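Heads up, the thing below is written out as structure tokens.
Quick caveat, the model's predicted, so the values are computed rather than measured. Below, all heavy atoms of this structure are taken into account, side chains as well, without hydrogens, waters or symmetry copies. Note on naming: letters A, B, ... go to the chains in the order of the sequence lines (proteins, then strands), and numbering restarts at 1 for each one.
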Protein chains: 2
Amino acid sequence: MEFQVKFDINEKIFLRNPESSEVGKLMVKKSIDLIYALGFEQFTFKKLALEINSTEATIYRYFENKHRLLLYILNWYWCYMEFLVTFKLENVVDKKERLKIIVHLLTHEFAESTSQFDYNKKLLNQIVIAESSKVYLVKEVTEINKNEVFKPYKDLCGKIAEVISAYNSKYKYPRSLSTTLIETSHHQQFFSVNLPKLTDVSSKNNSEFTNQFIEDFLFKILD
Amino acid sequence: MEFQVKFDINEKIFLRNPESSEVGKLMVKKSIDLIYALGFEQFTFKKLALEINSTEATIYRYFENKHRLLLYILNWYWCYMEFLVTFKLENVVDKKERLKIIVHLLTHEFAESTSQFDYNKKLLNQIVIAESSKVYLVKEVTEINKNEVFKPYKDLCGKIAEVISAYNSKYKYPRSLSTTLIETSHHQQFFSVNLPKLTDVSSKNNSEFTNQFIEDFLFKILD
DNA sequence: TTCTAATGATAGTAATACTATTATAAATAA
DNA sequence: TTATTTATAATAGTATTACTATCATTAGAA
């Protein structure tokens, strides 16, 4: 079974909806490949324009700047992640199992995408790990936040917090623990690959390591 | 009692040691004020040159680029933090107390610096919270890491890991837990101020909130 | 005193992050 | 069907950034 999902991304993020045209869709899709390949700092609209055989001016009609484009991509990812969580939790009643499913989702790579129309989720996941904090770790965060552009992240956080509270209603910090699960899964994955001395990975699979570390700490906190 | 501390920062980080001259010392000191005021993205060598009544060329003789200057500042901070940990732990034998002291250090602001020669530790702390991940979340991380420029961070992490292991020798992930303590204390402080819905802060003091959250989870994990 | 080395002043380049203008092509409405 | 709107490609241009290079001046060391 294979299907595509669509989300309504907050209109404040773009100038023109990239979903409304072919160039628009192509620029988002290719930006994922390019940001992954170059890193966000080296990524430019000029390079993206070249990649999609278009011009900078065209891209600027869709996004104010590359920061907004990254935000768009991340919003899509957070929506997708919330959808995935909801989907995978369907019909699972065991509360511990529900948490384990979430930790697994947060710590494992996605399979390479097969459809050419779909975003490459594997690359997207790597972008989230390495670049996502760059959208909020900026001076203008308060200004940017006013447009509710972080809502999908907050919603994901809220959803996980609910599962945490369902498991242990007495735990006092379900939201902070949610963000800690998300952020920790990112940096432990990043560190275990790039700066392994900051972690306790042994040679083997780093997703598996991160999964074990987080699951271990989550249940020690909640039990 | 008031005293200044000096650290030998890895020579690979700079072209000329800023400690070796007055302009050098001034540029590091003022860069802390400027990065704090503008955020790392808006911070430029041109603006810094203006601030210290010097020229870009002079700054470039000390640091290859602004990324290296940030790395220098963070290295200093990590060394300072390790020193502080060592200092505050002196003569404290109770193992739980030792961990509590560390958590307190990680989650609380420093006092405004009094000495005009000293770096402003309060601003430095804010820079660490908002900008530190930008030095390793880059494509070239492996290349940069080869020069051992992250050693002070790894040492700090190692030191905290030791205290963790001393408290509970059976715990399997002391290093990953160390980095999680450090990173979590940063993003919880950042979130509780800027995106509070991602946390469980109530209106009050956010350092205190972060301290409680982290202390709570640390001892649930280790006990 | 002479030499050396660091600085300041100045200039210049390539790339980035945009904005503006116009001709053309495609989609839509009358 | 034509007229109108709209998006795009092509092009040009600007201010700023991130550097590199040159050279005269100055301060300190030999």
ask   = Does A:Ala161 offer a backbone N or O that forms a donor-acceptor pair with the side chain of A:Arg175 under 3.5 Å?
value =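 Side chain of A:Arg175 to backbone of A:Ala161, a donor-acceptor pair under 3.5 Å: no, none is there.
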query = Between D:dA18 atom P and B:Leu69 atom CG, what is the distance in whole Å?
reply =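 Going from CG in B:Leu69 over to P in D:dA18 covers 12 Å.
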ask   = To the nearest angstrom, how far is A:Leu50 atom CG from D:dA9 atom C1'?
value =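 In whole Å, D:dA9 C1' lies 14 Å from A:Leu50 CG.
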query = Along nucleotides 3-22 of chain C, 5' to 3', which nucleotides get a B, which get an S, and which get a -, given that the test is a protein heavy-atom distance under 4.0 Å?
reply = ---SBBB------SBBBB--
ask   = Do A:Lys139 and B:Glu41 sit within salt-bridge range, that is, some charged N less than 4.0 Å from a carboxylate O?
value =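 So A:Lys139 does not pair with B:Glu41 through a salt bridge.
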inquiry  = Taking A:Lys154 first and then A:Glu148, would you say they form a salt bridge - that is, a charged N and a carboxylate O separated by under 4.0 Å?
reply    =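 Salt bridge absent between A:Lys154 and A:Glu148.
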inquiry  = Looking at every heavy atom in both A:Asn17 and A:Glu19, which two are closest together, and how far apart are they?
reply    =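 Nearest heavy atoms, A:Asn17 then A:Glu19: OD1-N, 2.9 Å.
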request  = Enumerate the residue pairs fulfilling salt bridge (charged side-chain N to carboxylate O under 4.0 Å, His left out) with a member in residues 24-40 of chain A, sequence neighbours excluded, ordered by first and then second residue.
outcome  =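 Every pair satisfying salt bridge (charged side-chain N to carboxylate O under 4.0 Å, His left out) with a residue in residues 24-40 of chain A: A:Glu22-A:Lys25.
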